[in-house]
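For reference, the structure discussed in these notes is given below.
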Protein chains: 2
Amino acid sequence: MTQSSQTFTDVLSDSLAILQAASLRKTQSRVELLKALIAQHGPFSVEELHQQVKFKKVDLATVYRCLTVFESVGLVKRCDFGDGVARYEIHHGSSHHHHHVICKICRKSENIDDCEVQRLEQLVLSKGYSQITHYLEFFGICQKCS
Amino acid sequence: MTQSSQTFTDVLSDSLAILQAASLRKTQSRVELLKALIAQHGPFSVEELHQQVKFKKVDLATVYRCLTVFESVGLVKRCDFGDGVARYEIHHGSSHHHHHVICKICRKSENIDDCEVQRLEQLVLSKGYSQITHYLEFFGICQKCS
DNA sequence: GTACGTGCAAAAAATTTGCAACCAA
DNA sequence: TTGGTTGCAAATTTTTTGCACGTAC
């Protein structure tokens, strides 16, 4: 697993530290969401996350708002799997750059840890763009579905 | 330009042939949409396409329905730029595999014609997935916006 | 105490669907 | 003729926003 070098508790406290460093309050909603994001390896859709936290009285609108904030401070990464639903996964110190393979049928994803795309970013740089990032996803049909 | 090896007319008639080969009718809405998709290099959002064809009495729902059909026969490619809006670009014989750089601010895109990612697909293949495709987009800020 | 955040409800944006009329083959 | 398509309207789905209240610091 990508994030096994740190325990759940480590990642959570690091995440909370990032929140506080950004002058963001440690509210129950945010803590619950972070716990959900860290406990299982995402990416999760907003709806999936809401399912996990709504019994703690966390509203769907709050989920949207928290995820937006989390993304702005780099706590989560937004992923788009081409189906019109935004997904988020936790991002922390020991979670390195990676991509996903998404099953075209069940929509489950698996990590792809290799990435040779940095070189291509040079090309983009030479076209005059700055602050370049890239987004790479693989689509296929997993064994269970085929 | 990517598709300059064929003229507008060539690409349009090829596209219409694909439609007919798939037993899909050559309706005015579909022709107008294809013309819009071919005339300028996309990708276009559904809304942008609708703006281009609505004076021809093509309804927004029809745009959605046509694009879904076009995608299912490989006439267009769906692109997600991570902003929750689906975009489509024409795909035809002489339009080769490519990616985009998307400006984080104006959302305009430019083609990236190099792709070395095929090798990575081998890795995905070895994980038991079939019918693998990949999706790669670059994000950055273009000169005009920075 | 004072912002910042939240719940709730309503609005907005994006997409899908039902159905009668239309039209391409 | 006739079944695939469309326009229109309504319904869903996804996301955002306004506002008064709650709460972290």
Side-chain angles (χ1 to χ4, degrees), chain A residues 12-13 15-36 42-73 75-76 78-88 107, chain B residues 12-13 15-36 42-73 75-76 78-88 107:
Chain A
L12 182 58
S13 57
S15 299
L16 293 173
I18 289 172
L19 263 195
Q20 309 209 278
S23 310
L24 295 168
R25 292 181 182 174
K26 177 183 155 186
T27 67
Q28 179 174 351
S29 298
R30 287 174 180 169
V31 175
E32 290 302 333
L33 274 170
L34 286 172
K35 280 157 74 175
F44 296 113
S45 67
V46 176
E47 188 50 38
E48 284 166 347
L49 283 169
H50 183 225
Q51 290 302 318
Q52 297 181 51
V53 297
K54 71 178 181 188
F55 73 101
K56 298 273 186 182
K57 301 288 290 173
V58 181
D59 191 76
L60 181 60
T62 300
V63 179
Y64 276 103
R65 284 187 276 222
C66 287
L67 289 170
T68 303
V69 170
F70 289 173
E71 192 186 13
S72 74
V73 296
L75 270 177
V76 298
R78 178 180 170 141
C79 311
D80 282 84
F81 289 178
D83 61 354
V85 178
R87 287 180 174 75
Y88 294 85
R107 290 277 145 192
Chain B
L12 183 57
S13 56
S15 299
L16 292 173
I18 289 173
L19 263 194
Q20 309 209 279
S23 310
L24 294 168
R25 293 183 180 172
K26 176 183 156 187
T27 67
Q28 179 174 353
S29 298
R30 287 174 180 168
V31 175
E32 289 303 332
L33 275 170
L34 286 172
K35 280 158 74 175
F44 296 112
S45 67
V46 176
E47 188 50 41
E48 285 166 345
L49 284 169
H50 184 225
Q51 289 302 319
Q52 297 181 52
V53 296
K54 71 179 183 189
F55 73 99
K56 298 274 186 180
K57 301 287 290 172
V58 180
D59 191 75
L60 182 59
T62 300
V63 178
Y64 276 103
R65 285 189 275 224
C66 287
L67 289 170
T68 303
V69 170
F70 289 173
E71 191 184 15
S72 74
V73 297
L75 270 177
V76 298
R78 179 181 170 140
C79 311
D80 282 83
F81 289 178
D83 61 354
V85 178
R87 287 181 175 74
Y88 295 85
R107 289 278 145 190

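Residue numbering restarts at 1 for every chain, and letters A, B, ... go by the order of the sequence lines. Fair warning: this is a prediction, and the values are worked out from it, not measured in the lab.
Between A/Q20 and the phosphate of D/dA24, there is no side-chain N or O to OP1/OP2 separation shorter than 4.0 Å. The side chain of B/S23 places no N or O atom within less than 4.0 Å of a non-bridging phosphate oxygen (OP1 or OP2) of C/dA25.
Side-chain atoms of B/R30 come within 3.5 Å of backbone atoms of B/R25 as a donor-acceptor pair (strictly under, hydrogens ignored).
Candidate nucleotides C/dG7, C/dA24, D/dG7 were compared by shortest atom distance to the side chain of B/T27, and C/dA24 ranks first. When distances run from any side-chain atom of A/A61 to the nucleotides C/dG5, D/dT16, D/dC8, the shortest one goes to D/dT16. Checking D/dT14, C/dT15, C/dG5 against the side-chain heavy atoms of B/L60 singles out C/dT15 as nearest. With C/dT17, C/dT15, D/dT17 as the choices, the nucleotide that has an atom nearest any side-chain atom of B/V46 turns out to be C/dT15.
Distance CG (B/L67) to C1' (D/dT6): 15 Å, rounded to an integer number of Å. Atom P of nucleotide D/dT13 and atom CD of A/E48 are separated by 16 Å, given to the nearest angstrom. Distance CD (B/E32) to C1' (C/dA24): 16 Å, rounded to an integer number of Å. The distance between atom NZ of A/K56 and atom C1' of C/dG7, rounded to the nearest whole Å, is 17 Å. Atom pair B/F55:CZ and D/dG7:P shows a separation of 14 Å (rounding to whole Å applied). In this entry the distance linking OH of B/Y64 with C1' of D/dA10 reads 16 Å, nearest Å. Distance, B/H50 NE2 to C/dA13 P: 16 Å, rounded to whole Å. Atoms NZ (B/K57) and P (C/dA21) sit 17 Å apart, rounded to a whole Å.
Distance CG/A/L16 to NZ/A/K26: 6.0 Å, rounded to 0.5 Å.
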Stepwise side-chain contact (heavy atoms from CB on, under 4.5 Å) check, A/T62 with A/T27: CA-CA 11 Å; A/T62 300; A/T27 67; over 6 Å; no

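Across all their heavy atoms, B/E71 and B/V76 have their closest contact at N-CG2, 3.5 Å.
The closest side-chain donor-acceptor pair between B/E47 and B/Q51 falls under 3.5 angstrom.
Judged by atom type and distance alone, B/R65 does not reach the base of D/dG4 through any side-chain donor-acceptor pair under 3.5 Å. With hydrogens and angles ignored, no donor-acceptor pair closer than 3.5 Å exists between the side chain of A/R25 and the base of D/dG22.
Within 4.0 Å (heavy atoms only), B/A86 reaches sugar-phosphate atoms of the nucleic acid but no base atom.
Nearer the 5' end of DNA chain C, as judged by each residue's closest nucleotide, is the contact made by B/D59, out of B/D59 and B/Q28.
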